[in-house]
Amino acid sequence: VQLQASGGGSVQAGGTLKLSCAASGRPTTDYALGWFRQAPGKEREFVSAISRSGGRSFYADSVKGRFTISKDNASDTAYLQMNNLKPGDTAIYYCAFRTYYSRYVTTGFGPWGQGTQVTVSS
């Protein structure tokens with residue numbers, strides 16, 4: 001499975017962006033699509049993940065209530081709607097694949113694609 005993240009950009013604090021993650025090579029087994037981000041000088045951190053069906057998802061506490069993950073099953077595309085963005089959300093956002101969904105398990109995702117830059121100014 002290959003993933004391509006897109007939709008990043010520059011916005012002011014309080015603004016919105018919607019990221020897309022298109023998956024090619026559709027897997028036939030259960031899987032999860034996850035969003036991660038990496039700010040300059042920091043380690044990559046988990047943001048959100050969604051199951052293959054789109055019916056299950058979970059979020060990092062830092063984005064809960066502001067970000068919403070969703071999935072279009074026909075196209076195997078995951079989305080990350082980001083509202084009320086803060087300067088602390090500035091990072092490169094990556095989507096990644098894992099061969100199973102498990103709530104609260106944030107490890108085991110990969111490989112990492114190119115990512116999309118999100119910049120939030122105050």
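Just so it is clear, the values below take in all heavy atoms, side chains as well, and ignore hydrogens, waters and symmetry mates.
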Set of ring pair (Phe, Tyr, Trp, His ring centres under 6.0 Å) partners for Phe36, sequence neighbours left out: Phe46, Phe109, Trp112
Spacing of Gln114 atom CD and Ser6 atom OG [to the nearest 0.5 Å]: 11.0 Å
Hphob cluster co-occupancy, Phe97 + Val47, side-chain heavy atoms under 4.5 angstrom: yes
Hphob cluster co-occupancy, Leu33 + Tyr59, side-chain heavy atoms under 4.5 angstrom: yes
Audit row: Ile92, Arg44, side-chain contact (heavy atoms from CB on, under 4.5 Å) steps and yes/no: CA-CA 9 Å; Ile92 299 175; Arg44 184 181 288 128; over 6 Å; no
Separation between CG of Leu19 and SG of Cys95, rounded to the nearest 0.5 Å: 9.0 Å
Cluster link Tyr79 to Leu85, ILVMFWY, side chain under 4.5 Å: no
Side-chain (Arg56) to main-chain (Ile50) donor-acceptor, under 3.5 angstrom: no
Flag if over 12 foreign heavy atoms under 6.0 Å of CD, Gln12: no
Co-membership, hydrophobic cluster, residues Leu80 and Val11, 4.5 Å side-chain: yes
Donor-acceptor under 3.5 Å (Thr77 side chain, Asp72 main chain): no
Thr116 side chain vs Gly8 backbone, donor-acceptor pair below 3.5 Å: yes
Considering all heavy atoms, the nearest Ala91-Ala39 contact: CB-N, 3.7 Å
Smallest separation among heavy atoms of Ala96 and Gly110, with atom names: CB-N, 3.8 Å
Within 45° cone of Tyr101 ring axis and under 6.0 Å: Arg103 NZ or CZ: no
Pairwise distance CD(Glu43) to CZ(Arg37) - rounded to 0.5 angstrom: 14.0 Å
Residues 61-69, side-chain donor-acceptor partners within the protein, below 3.5 Å, at least two apart:
residue, atom, partner, partner atom, Å
Asp61, OD1, Lys64, NZ, 3.0
Arg66, NH1, Asn84, O, 3.0
Arg66, NH1, Asp89, OD2, 2.7
Arg66, NH2, Ser62, O, 2.9
Arg66, NH2, Asp89, OD1, 3.0
Arg66, NH2, Asp89, OD2, 3.4

Nearest atoms (heavy-atom pairs only) where Val105 meets Arg98: O-NH1, 2.7 Å
Heavy-atom donor-acceptor pair, Ser48 side chain to Phe58 backbone, under 3.5 Å: yes
Short side-chain to backbone donor-acceptor contact, Asp76 and Ala23, under 3.5 Å: no
Worked verdict on Thr90 versus Val118 for side-chain contact (heavy atoms from CB on, under 4.5 Å): CA-CA 5 Å; Thr90 295; Val118 172; 5.9 Å; no
Gap separating the OH atom of Tyr31 from the OG atom of Ser53, nearest 0.5 angstrom: 9.0 Å
Residue pair Lys18 / Gln81: nearest heavy atoms and the distance that separates them: CD-OE1, 3.4 Å
Side chain Lys86, main chain Ala13, donor-acceptor under 3.5 Å: no
Same apolar cluster: Val120 and Tyr93, side chain cutoff 4.5 Å: yes
